[in-house]
Amino acid sequence: MKIHVWQGDITALDVDVIVNAANEKLLGGSGVDGAIHQAAGPDLLAYCQRLGGCPTGEAKLTPGFNLQSRFIIHTVGPLWKGGEAGEAEQLASCYRNTLALAESIDARTIAFPAISCGAYEYPAEQAACIAVSVLHEPRPEGSSICEVILVAYSSEMASVLADAKAGR
Ligand code: APR
């Protein structure tokens, strides 16, 4: 599995799956959630309204609608509460559950935003290390995933992700 760091708007990527950093209501919001709903169009919200939300750490699949990507996987990251409330395990679960769901639809390419690193205020360096360590875990035999793109929306985040990927 190749891992790349890329800086820009995740909705511009032509990959099999883009990942949304959603909230438990799964009815849109600001940040990357807002951008994905904006780009996917109103059919995404209508579809999400039938999903009944998503618990923190879990992931749900929708079509990509007007996006270039065929699918969106919505995952709900933890709100940072200081690090003693199981946030690291919940964030790792977001990446693990999203990868497993992507494999269930034979996705080959997937792009992740920096889950929880915006409104949910997760410290970027810690979050990036968790993302990279989950991506380095062995995948099941026959996993479809060939390429993972870690998307940064700022140059600061891009260097944090690059450092985590390089093990710095
Ligand atoms: N493309 C890629 N990354 C983006 C984009 C975009 N278009 N917009 C924002 N980001 C980045 C942010 O800069 C941040 O690094 O995504 C990361 C995650 O930030 P948020 O989108 O705020 O997500 P999160 O911290 O997980 O908080 C989720 O915010 O938007 C609401 O509905 C969402 O309630 C949920 C909460």
Side-chain angles (χ1 to χ4, degrees), residues 3-42 44-49 51-62 64-83 85-99 101-102 109-132 134-135 147-165:
I3 301 171
H4 302 287
V5 174
W6 179 80
Q7 182 180 338
D9 179 348
I10 198 168
T11 63
L13 289 175
D14 185 4
V15 289
D16 292 337
V17 172
I18 64 168
V19 179
N20 183 19
N23 57 55
E24 291 190 337
K25 291 192 177 72
L26 227 45
L27 298 177
S30 53
V32 72
D33 198 4
I36 287 173
H37 274 269
Q38 177 75 29
L44 174 58
L45 180 57
Y47 192 99
C48 287
Q49 282 164 341
L51 292 181
C54 181
T56 297
E58 297 190 20
K60 290 202 174 173
L61 179 77
T62 72
F65 296 108
N66 298 339
L67 285 168
Q68 295 183 79
S69 56
R70 284 188 296 147
F71 297 102
I72 306 164
I73 292 179
H74 306 259
T75 192
V76 180
L79 181 67
W80 179 252
K81 296 177 187 142
E87 298 97 317
E89 291 74 25
Q90 287 178 317
L91 186 59
S93 295
C94 287
Y95 286 93
R96 287 196 190 101
N97 289 327
T98 298
L99 289 169
L101 195 46
T109 56
I110 179 168
F112 285 91
I115 299 164
S116 286
C117 293
Y120 284 178
E121 299 184 330
Y122 206 111
E125 291 79 3
Q126 294 180 51
C129 286
I130 289 168
V132 169
V134 170
L135 292 176
E147 188 173 358
V148 176
I149 301 171
L150 295 174
V151 179
Y153 206 47
S154 68
S155 54
E156 295 76 18
M157 194 68 212
S159 53
V160 166
L161 287 166
D163 286 351
K165 178 174 169 256

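These values consider heavy atoms only, across backbone and side chains, with no hydrogens, waters or symmetry-generated copies. Here the structure is a predicted model, which means the values were calculated and not measured. Read the numbers this way: they start at 1 and go in the same order the structure lists the ligands and their atoms.
The line from CD of E58 to CG of N97 is 6.5 Å long, rounded to the nearest 0.5 Å.
Near A35, meaning under 4.0 Å from one of its heavy atoms, ligand 1 places the atoms 7 (N). Ligand 1 places these atoms under 4.0 Å from at least one heavy atom of G8: 1 (N), 2 (C). Taking every heavy atom of A114 and a limit of under 4.0 angstrom, the matching atoms of ligand 1 come to 15 (O), 17 (C), 18 (C). Atom numbering of ligand 1 starts at 1 in the shown order; those under 4.0 Å from a heavy atom of G29 are 32 (O). Taking every heavy atom of C117 and a limit of under 4.0 angstrom, the matching atoms of ligand 1 come to 25 (O). Near D9, meaning under 4.0 Å from any of its heavy atoms, are these atoms of ligand 1: 1 (N), 6 (C), 7 (N). Below 4.0 Å from some heavy atom of A21 lie the following atoms of ligand 1, by number and element: 23 (O), 26 (O), 28 (C), 33 (C).
Taking each of V160, L26, D33 in turn, the one with a heavy atom nearest to atom 33 (C) of ligand 1 proves to be D33.
The protein atom (non-hydrogen) at minimum distance from atom 26 (O) of ligand 1 is S116 N, 2.9 Å. Of the protein's non-hydrogen atoms, the one nearest atom 25 (O) of ligand 1 is G118 N, 2.8 Å. Closest to atom 11 (C) of ligand 1 among all protein heavy atoms lies Y153 CB, 3.8 Å. At the top of the distance list for atom 1 (N) of ligand 1, counting protein heavy atoms only, stands I10 N, 3.0 Å. Nearest to atom 21 (O) of ligand 1 among the protein's heavy atoms is V32 N, 2.8 Å.
For the pair S30 and ligand 1, a heavy-atom separation below 4.0 Å is found. Using a 4.0 Å heavy-atom cutoff, G28 is listed among the residues neighbouring ligand 1.
Proximity of A119 to ligand 1, defined as any heavy-atom pair under 4.0 Å, is shared by backbone and side chain alike.
When atom types are taken as modelled, the side chain of D16 and the backbone of I110 share no donor-acceptor pair closer than 3.5 angstrom. Between the side chain of K165 and the backbone N or O of V5, no donor-acceptor pair lies under 3.5 Å. N20 places no side-chain N or O within 3.5 Å of a backbone atom of T75 that could act as its donor or acceptor partner.
In this structure, Y95 and F112 have tilted ring planes: the angle between them lies in the 30° to 60° band.
Taking the six-membered ring for Trp and the full ring otherwise, Y122 and W80 have centroids separated by under 6.0 Å.
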Determine, stepwise, if the pair E24 / T56 fulfils side chain to side chain donor-acceptor pair (under 3.5 Å). CA-CA 6 Å; E24 291 190 337; T56 297; 2.6 Å; yes

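For D9 against Y153, the heavy-atom pair with the smallest separation is CA-CE1, 3.9 Å.
Between T11 and ligand 1, no N or O atom pair is found at a separation short of 3.5 Å.
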